[in-house]
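In what follows, every chain begins at residue 1, and chains take the letters A, B, ... in the order their sequences are listed.
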Amino acid sequence: MSELGLYRTMLVSRALDDECMDMLARGLPVPHFHSGAGQEALSVGGAAGLRDSDVVIYSHRGYAQLLAKGVPLEVIARDMFYKAGGSNAARGGVMHVSAPEIGVPGREGVFGARFGMAAGFGLAQRLRDTDDVTVCFYGEAAGARGPLYEALNMAVLWDLPVVLIAENNGWSVNSRTEWLYPNARMSAVWRGFDIPVTVVDGNDLGEVRAAVGEAVRRARAGEGPSVVEGLTYRLHPHIWWDDAAYVPAEELAEAQERDPLTLTRAALVAAGTAPEQLDALEAEVAEEVRAVLAEVLAGPDAQWDVEPRIVGVAGV
Amino acid sequence: MSELGLYRTMLVSRALDDECMDMLARGLPVPHFHSGAGQEALSVGGAAGLRDSDVVIYSHRGYAQLLAKGVPLEVIARDMFYKAGGSNAARGGVMHVSAPEIGVPGREGVFGARFGMAAGFGLAQRLRDTDDVTVCFYGEAAGARGPLYEALNMAVLWDLPVVLIAENNGWSVNSRTEWLYPNARMSAVWRGFDIPVTVVDGNDLGEVRAAVGEAVRRARAGEGPSVVEGLTYRLHPHIWWDDAAYVPAEELAEAQERDPLTLTRAALVAAGTAPEQLDALEAEVAEEVRAVLAEVLAGPDAQWDVEPRIVGVAGV
Amino acid sequence: MSSVATETRVLTGREAFRAGIREEMLRDERVLVLGETVRSGGAAGVVAGLFDEFGPRRVIECPVSENGIFGAALGLALAGFRPVVEIYSADFLLAVANEVMNDMAKWQVQHGRPDEPLPIVIRGCMAATEGLGPEHSQSMEPFFLHAPGLELLTPSTPATAYAAMRAALAATVPTLVFEHRKVYELSGPVEGGVIGERVTSGADVTVVAWGWMRHEAAHAAERLAADGVGVDLLDPVRIRPLDLDPVIASVQRTGALIVVEEAFVTGNVGAEILARVAEALPGHPLRLRRIAMPDVIHPYDARLERAILPTADHVVAGIRTLLGD
Amino acid sequence: MSSVATETRVLTGREAFRAGIREEMLRDERVLVLGETVRSGGAAGVVAGLFDEFGPRRVIECPVSENGIFGAALGLALAGFRPVVEIYSADFLLAVANEVMNDMAKWQVQHGRPDEPLPIVIRGCMAATEGLGPEHSQSMEPFFLHAPGLELLTPSTPATAYAAMRAALAATVPTLVFEHRKVYELSGPVEGGVIGERVTSGADVTVVAWGWMRHEAAHAAERLAADGVGVDLLDPVRIRPLDLDPVIASVQRTGALIVVEEAFVTGNVGAEILARVAEALPGHPLRLRRIAMPDVIHPYDARLERAILPTADHVVAGIRTLLGD
Ligand SMILES: Cc1ncc(C[n+]2csc(CCOP(=O)(O)OP(=O)(O)O)c2C)c(N)n1
Ligand SMILES: Cc1ncc(C[n+]2csc(CCOP(=O)(O)OP(=O)(O)O)c2C)c(N)n1
Ligand SMILES: [Mg+2]
Ligand SMILES: [Mg+2]
């Protein structure tokens, strides 16, 4: 995918984010919305350019990951607002979007299983003798859970085509990364496996692309797993009820300076794209996303017709 | 403790082992006996010379660990044979020997909690402002469990006085170490934490002492956790029902050549101890252990009088 | 700040839980708080302020490492501390089911010290509010009911929240305090709560309910009272060990029992209560029934979720059906 | 080796479980075996020979990483494979309770595909033999009873072992097969087993028992038959979903029910059965009872353990008490 295409995906994700923040500001419910603002370069850089048969296990603010993997915006939005035509008919909302046919199997709610799942998908890809890969994103929370070690040991042992992408965004709810990891680094320990472990500026799309590209290449070539840790920043509060009063204003201001959208735009301009073309693209995307959201919000609610078929239904 | 004293502890453990193997060969039950033969140097080298206020979390064939930490042979034997006067009155047998007053809190049956427990004991030692340490042994099985990562991350983060001793003895039941870990090494990954990770000949008492000694020194000095991996070999089958037919005869013969008792004896002789003195010591220990076991076996069975006080008793 | 409990405090449920912990922390410095985000008050604000008051040696911010945290709690307790461990949402206790039910619950017995206390308090927010989804809404007490060696507390009001936290801190075995999210928001007097309350008295039907369901049942009782149906409503507060005597005595009078429970119906606590009552009164023509969640995981959409959560309406209808049979 | 099931095979329980797995592996190459020591036959020899027969791409030797293994099983199943995962001892399932009950059980429903199969078979040796201690002896079905979205099977004979393994492999939801260690050692015909068997017929008391307890109950029934007491003994084989109709129909005739269960009594499966029966027959003067383990963890010493495991003696005494009341 072209750099411009990647930037477009980042813009779509940010526009979705802006719309949701805006609704929240107006007191409207946006259930389970976890803003992905600030992390679009890492998300898009990590998930774009893969095949449908490659698998991505996304993280809870990874709308940009879903978009980059090919999940339509309207599916994400319908799931978010419990509308018909999403992927899960209000049973999982935006926390459990899936699209198995394009390599998006879903997300676990209690962090942990994603790592074993990644190993399982990688093993499946190996057992089928394909050169497909599995990419698994995770934040500071999931990254401190034991299943990561268990699964990575398996992946190294069996040379599984797994790419782990650590999203070091400074926070886990209101806990600082340095309260959770030595030296505030999530991936350092995995160097001990003698696999490639790369720490990149997660807001630099080019750096992310290079590191993930190499990790994917290795995985496809049967050379086993890699870890890419992207240093980025969560620009918005954890979730709607969080006022993020704990975020130092100066730190946030600095992070805003390094907004991946600004940086990516600047890189595109530096590489010769006309600013006017980008202005037009930005306006177009904003308009498009606004229209999609309006349509989604006007659409019918998801219907709940699944229960009688579930095992063991009984009760009230 | 003197080298001779350490050798003596190794001899006691081996004599216990010999007695148990002998009983098994005669068709007598030795409930839950997991032979520690071949691993005495690592066990004694790892657990000896500690204070009563230091904690050791032992492994399931770590009789030598218990002995080195000061648990009397007769307590171990009484627990093994469900006799009165052991530590647990037949509720845990030899799988759950404990002696909290000398830093032996017990053992978990489902591998995993030992690592968090080690962090907890280490944290307790820190919170009390002591320079006590916690030593935690583990085999290939426990070592592949996620709680190890979780707890070690905490130990590194908080500079806890924890020493992990990996017992790489070639097997986990009938699984080879190389089926379970990349390059058959249990500790390599932890180098990524930038803590001292040392791989030693686990049958060389001197090497073990040096590595564990340095790890303990660091821990006491507040310099945080270390990992020592001892390469050793399980000389006997996993447990009584295992015929160990999967162990290649040649490999076993080689391992027997490197029996830590033979090596330690040779080192003592090389360092000037008279062979006659060692002969006498060996005979004395064998006799002593035989006598203890005979007395234990002739002793009264443990009585079971604890249940009425347990919460929620009901039923048949 | 003063550590003296006054007789007239009115607090929210959240504050009542906190008061129980804080007072014990003031009394005994071996009491520690461990968990994720506890430095900033924890998942639901229950431990808010404690880090500032007691500092980092008493309130220990942990990585999101549930197995490590619970293992550490066991180690700390065996080392003489009294850890109060927060789980971010009670649903996540399944990730430490082994530590809680195989390790902690069995430890002292299998190490031959059944009388030695193992003071570990495990607590966290639980149950359904509105659309939190099935991994942040479940009623977890049935999953932990089967393990010998644990106490389970499920308070329902600020007063029982406070009493339950104090009871947990006084318990000699590892104890789980399930803090219902809706109970956090209630306001009421804190003193005077007891472990086992008779909410209303009545001669027609015995109702057992705890946590939020106590309130649904109380509303139902009120509505039925207007129709002359007397409900003997018991809130046990402690689920394990459960004091069955008042329940059995009540059913002997009423002949009819309904357990109202927020958990999925199959294998819930109500099953145990019905079984115990039936076993205690063989040959009696009893009417026994559970009102509970169907065996359906919580939809994210609160509209849909509301359709399956038990309410006062269900209780009224259930009682009418049971008595009308 | 032949893949054709003959009509006259007599196998041990261990072999019957293996036959069920092996035949499906022959039929469908998406079936994989995963677990610890499975290369050498697994913890109890159930998968012995399968590595040699099917090779390392079908029988996958894993590190002792229960969470990794179960996560991988979920991934494999979502990727179109059909994993059969061995747990080294069923007690250790508590270490993956989150993966089984929060992840696997909910996955398809919360991702909006309730009808999409998630073919994961979880199996392992379970329950008490003689002195294996409380982490290798527990009856685990109650711990997993409460989660919607799972099937639970607890076979009792070679025939039901085979039938249960086939049913598990045919199930569309994650399914747990609890293999009683004592059932491994039984010999018997393999064909003809069904999910839900009437072991003896009788008019005086209904008895429900599964796993090893079916045999204790059968012995009791035989002894009571000599005294003219007729026992209607039902072995459901499948615990969830449980087919209650035959139980209720039987209790309607006998008025008396005993559930014999090896698990700790509090919160066991029997509680659910008693509750369901009581709910189904309100106002009937029923006699309902459980025979089960007391809430006491297994001592290591087999002498002591024998004192608390339910046996035919307990069943006989329990029935006499119930009927004599
Ligand atoms: C096992 C587990 N523990 C705790 C939680 C609760 N939880 C939900 S989101 C979150 C913080 C996530 O932080 P991070 O992983 O850094 O991702 P971010 O929100 O920064 O993108 C936590 C602790 C959980 N879902 N699962
Ligand atoms: C979590 C867990 N999984 C599996 C087991 C079963 N198990 C008991 S001993 C053992 C092998 C132990 O091997 P290792 O750790 O290498 O120690 P060794 O026996 O070689 O000393 C296994 C797998 C267990 N006790 N706990
Ligand atoms: Mg984060
Ligand atoms: Mg080993």
Side-chain angles (χ1 to χ4, degrees), chain A residues 108 110-119 138-160 162 164 166 168 172 175-199 223-227 229, chain B residues 108 110-119 138-160 162 164 166 168 172 175-199 223-227 229:
Chain A
E108 92 281 30
V110 188
F111 299 138
R114 61 181 45 232
F115 302 112
M117 289 176 66
Y138 65 101
E140 284 90 342
R145 295 233 47 229
L148 169 52
Y149 165 56
E150 298 195 356
L152 189 51
N153 184 55
M154 289 160 69
V156 176
L157 187 64
W158 299 336
D159 280 332
L160 298 181
V162 169
L164 292 173
N168 184 330
S172 177
S175 303
R176 302 207 72 120
T177 310
E178 60 259 41
W179 302 347
L180 311 176
Y181 294 90
N183 307 311
R185 283 296 173 275
M186 300 168 63
S187 67
V189 58
W190 309 124
R191 295 170 302 157
F193 270 132
D194 293 324
I195 56 170
V197 173
T198 323
V199 181
E223 295 168 26
S226 307
V227 183
E229 175 170 358
Chain B
E108 92 280 31
V110 188
F111 299 138
R114 61 180 46 232
F115 302 112
M117 288 177 66
Y138 65 101
E140 283 91 342
R145 295 231 49 227
L148 168 53
Y149 165 57
E150 298 194 356
L152 190 51
N153 184 56
M154 289 159 68
V156 176
L157 188 63
W158 298 336
D159 279 331
L160 298 182
V162 169
L164 292 173
N168 184 331
S172 176
S175 303
R176 303 207 70 121
T177 310
E178 60 258 41
W179 301 347
L180 311 176
Y181 294 90
N183 306 311
R185 283 295 174 275
M186 299 167 64
S187 67
V189 58
W190 309 125
R191 293 170 303 157
F193 270 132
D194 293 324
I195 55 170
V197 174
T198 323
V199 181
E223 295 168 27
S226 307
V227 184
E229 175 171 358

Using a cut-off of under 4.5 Å on heavy-atom pairs, state which of A/W158, A/W179, A/W190 scores highest against chain B. A/W190
Greatest number of non-hydrogen atom pairs under 4.5 angstrom with chain B, of A/N153, A/V156, A/V197, A/L152, falls to A/N153
What part of A/L180 lies closer than 4.5 angstrom to a heavy atom of chain B: side chain, backbone, both or neither? backbone
With a strict 4.5 Å heavy-atom criterion, list every residue of residues 141-148 of chain A that contacts chain B, or say none. A/G143, A/A144, A/R145, A/G146, A/P147, A/L148
Greatest number of non-hydrogen atom pairs under 4.5 angstrom with chain B, of A/E150, A/E178, A/M154, falls to A/E150
Exercise: identify the closest heavy-atom pair between B/L157 and A/Y181: CD1-C, 3.3 Å
Heavy-atom distance under 4.5 Å to chain B: side chain of A/F115, backbone, both or neither? neither
